[in-house]
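To start, the structure itself, in structure tokens.
Bear in mind that the values here come from a model prediction, so they are computed numbers and not experimental data.
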Amino acid sequence: MRTPALFRPAVRPPARRALTVALSALLAVGTATVEAAPAHAAATRVRLGSSSDVSRASWNGPAFTMNGDGAIVPATMTKAIDAIRGGTGSIDVVVLAGSAPTSGSSTPECDTVMGLSGVNSCTTWTLTAASDGNNSQVNTDIRNAEFVYFAGGDQCRYAAWKGTALQASVQSVVAKGGGSGGGSAGTHINSDIVYDACNGGTDSPTALANPYDSTVTFTTGMFRWPNYQDTINDSHFVTRDRMGRTMAFVARAIKDGLTSGGKAWGVGVEQGGGSLFVDRNGLATLSGSDAYVVLGDHQPEQAVSGRPLTFSNYKIWHLTSGQTFDFGNRPTCGYYLRSVTNGVADANLYSGTPVTDCSGGGGGGGTGSTLAETEPNDSRSAANDASALTYPAALTGSMGATSDRDYFRTSLASGQTMTVNCTIPSAYDADVYFMDANGSTLTRSVNNGKGVAESLSYKRTASGSATYYLDLEAYSGSGSATYSCSVAKS
């Protein structure tokens, strides 16, 4: 567990303690390399796995993970690794921490990462001073990596790296097709607008009573990831009752002009394994504990210093494990409404009946048609016709043989996006491909493991409409157990 210290940029803990913790890890992990960086004695480095970085011309990301607490979530981390490497080869991971763990391993995040497939190395850097963001070895390791994970702790430490070389180094990882992510404080730093807690933490009653309380502070301009603009992340969401403070954050962001278009999106992820995996198209898939997206789309009725918040009709999406939210093409349905009046929030903030069910499209939930596969459908010419379904729709079938392929034909008009989320039974590993009329793959989902879900999203930008094919392929295993793919058009 990483416990946030009372660090602010001007305070540096002694280097000896950090190095002692790192050296202890060497006794337990024979393949680790531990060193104190020469330019900054407070910075320590522990590398697990290969001592040489992977070299490759291109990567298939970006990909992101947003976790409800500090730990790596294997399900979403595996998705990110596989998305970045395109199903082949391996990647290097860097973990950035602002403080050493208070107990147990000195590299808890890398310990988990090294147990996953497709990882060449994992390097933990503990950086206890803002100036460590300009450490040359730190930045070399980051730029040579394909994924950067911000550990839990204190997001104010991470915000202090704004303007250092580290900020640009992390941005370069995403730009080359790698990824970024984090847990708890590390989740906060990966949103467009960062609640930085640099004046101490706030809670829901405090923020609702005065959204301009001294504890409600933000950092902007740190990271703006593709498809994830105008967001404010929060963690430990339900357990610590943070819906109210996220509502205040959203209102502040709109009132202060921190977002574009007069809208702000709060993203809250619950602890205990909750994690959002966000792919290169902006499609977020939840694993584990619940998550919430909170939209404010108008100016607050009252948001001034020293007075309680009033804001009507926040639009709230409640996600459970396996569900998706498309940040690349944000839904206009599937939400429930809650308001805050004079600092008092409505009851039942964490549950509600959606005012719209998305049966006419719009990217949310709801029910439409269901199409069960009819064999033979193992080629484009024999594809089952899904073009006339009412969306959102469900496609079902099974991988009856290890060579089975199931094709479904559909269509998209100009500007339409198709989002596909497939639940795969534990009997087999199936991959999903989205193809044009000539059979060329436009996007795919190839997560490793039997029973591992697959999801993808594709937007038609050309004029007119066109035919497309959804292809499910057996990768390993087979059986009569049914897969189910939810398919939405928006």
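In the model, Asp234 has a side-chain atom that pairs as donor or acceptor with a side-chain atom of Thr246 under 3.5 Å. Between the side chains of Tyr149 and Asn67, at least one donor N or O lies within less than 3.5 Å of an accepting N or O. With hydrogens and angles left out, the side-chain atoms of Tyr407 and Arg405 include a donor and acceptor closer than 3.5 Å.
Salt-bridge annotation for Lys263 and Asp297: absent, with no side-chain N of the basic residue lying under 4.0 Å from a carboxylate O of the acidic one. Electrostatic pairing of Asp346 and Arg338 does not count as a salt bridge here, judged by no charged N lying under 4.0 Å from a carboxylate O.
Judged by the 6.0 Å and 45° rule, Arg330 forms a cation-pi pair with Trp265. Annotation: cation-pi pair Arg252/Tyr212 present, NZ/CZ under 6.0 Å from the ring centroid and within 45° of its normal.
Surrounding NZ of Lys255 are more than 12 heavy atoms belonging to other residues, nucleotides or ligands, all under 6.0 Å away. Within 6.0 Å of the OH atom in Tyr475, the count of heavy atoms belonging to other residues, nucleotides or ligands does not exceed 12.
In this structure, Phe434 has its ring center closer than 6.0 angstrom to the ring center of Tyr468. Ring centroid separation for the pair Phe237 and Tyr292 comes in under the 6.0 Å cut-off. Phe249 has its ring centre less than 6.0 Å from the ring centre of Phe218.
Separation of atoms OG1 (Thr220) and CD1 (Ile193) is listed at 7.5 Å; rounding is to 0.5 Å.
Exactly one of Asn144, Asn120, Thr123 qualifies for a side chain to side chain donor-acceptor pair (under 3.5 Å) with Asp92. That residue is Asn120.
The backbone N or O of Asn233 lies less than 3.5 Å from a partner atom in the side chain of His188, making a donor-acceptor pair.
Contacts classified as salt bridge (Lys or Arg N to Asp or Glu O under 4.0 Å) and involving residues 265-275 (residues at least two apart or in different chains) are not found.
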Yes or no on side-chain contact (heavy atoms from CB on, under 4.5 Å) for Phe223 and Gln171, after CA distance, side-chain angles and deciding distance?
CA-CA 7 Å; Phe223 302 127; Gln171 290 169 338; 3.9 Å; yes
Test log, rule side-chain hydrogen bond (donor to acceptor under 3.5 Å, both in side chains), inputs Asn448 and Ser117
CA-CA 9 Å; Asn448 286 337; Ser117 298; 5.4 Å; no
Would you please test Leu283 and Ser455 for side-chain contact (heavy atoms from CB on, under 4.5 Å) and show each step?
CA-CA 8 Å; Leu283 181 66; Ser455 59; 4.0 Å; yes
